[in-house]
Amino acid sequence: MNKKIRTNAVDQLFEAVLQLRTKEECYSFFEDLCTVNELLSLSQRFEVAAMLNSHRTYLEIAEKTGASTATISRVNRSLNYGNDGYALVFGRMETEKGKADE
């Protein structure tokens with residue numbers, strides 16, 4: 001865990017995020033918190049991560065998302081050498097998808 005981001009302000013932000021219960025609540029909160037470009041950048045990185053996780057090529061990802069190869073590479077580094085945050089979320093999303101399919 002990066003000690004530089006462990007601050008009271010970041011803790012409070014994460015506590016706030018953990019209070020959100022629906023997608024609509026997320027839209028309301030994040031639209032207030034972020035600029036449109038910030039939110040689109042975050043969502044693009046997450047889409048890139050999902051596509052990398054599905055073993056898509058950089059070319060496919062760049063064409064579909066419009067992300068630069070630098071962004072794709074940065075996300076790939078996080079997937080391979082980061083704190084496993086993406087893996088945690090992808091695993092939980094897959095579990096939820098499986099529950100919904102039952």
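In this chain, numbering begins with 1 at the start of the sequence shown.
Taking a 6.0 Å sphere around CZ of F29, one finds it holds more than 12 heavy atoms contributed by other residues, nucleotides or ligands.
In this structure F30 satisfies the side-chain contact (heavy atoms from CB on, under 4.5 Å) test together with V17, L20, C26, L33, C34, L39, sequence neighbours excluded. Remark: N80 pairs with N76 by the side-chain hydrogen bond (donor to acceptor under 3.5 Å, both in side chains) rule, at least two apart or across chains. A search for side-chain hydrogen bond (donor to acceptor under 3.5 Å, both in side chains) contacts involving T71 returns S68, not counting sequence neighbours. Qualifying side-chain contact (heavy atoms from CB on, under 4.5 Å) partners for T7, counting only residues two or more places apart in sequence or in other chains: A9, V10.
Applying the 4.5 Å side-chain rule to ILVMFWY residues, one finds F46, V48, M51, L52, Y58, I61, I72, V75, L79, Y86, V89, M93 in the same cluster as F90. Side-chain heavy-atom separations under 4.5 angstrom define the hydrophobic clusters, and L42 shares its cluster with no other residue. Through side-chain heavy atoms spaced under 4.5 Å, either directly or across other Ile, Leu, Val, Met, Phe, Trp or Tyr residues, L40 is tied to V36.
Pairs of residues two or more places apart, or lying in two chains, that qualify as side-chain hydrogen bond (donor to acceptor under 3.5 Å, both in side chains) and include a residue from residues 39-54 are E47-K64. Listed by first and then second residue, the salt bridge (Lys or Arg N to Asp or Glu O under 4.0 Å) pairs involving residues 74-98 are E96-K99, K97-D101 (not counting sequence neighbours). The salt bridge (Lys or Arg N to Asp or Glu O under 4.0 Å) analysis of residues 20-43, with sequence neighbours excluded, yields no pairs.
The line from CG of N8 to CG of L13 is 12.5 Å long, rounded to the nearest 0.5 Å.
A donor-acceptor contact shorter than 3.5 Å links the side chain of E60 to the backbone of T57.
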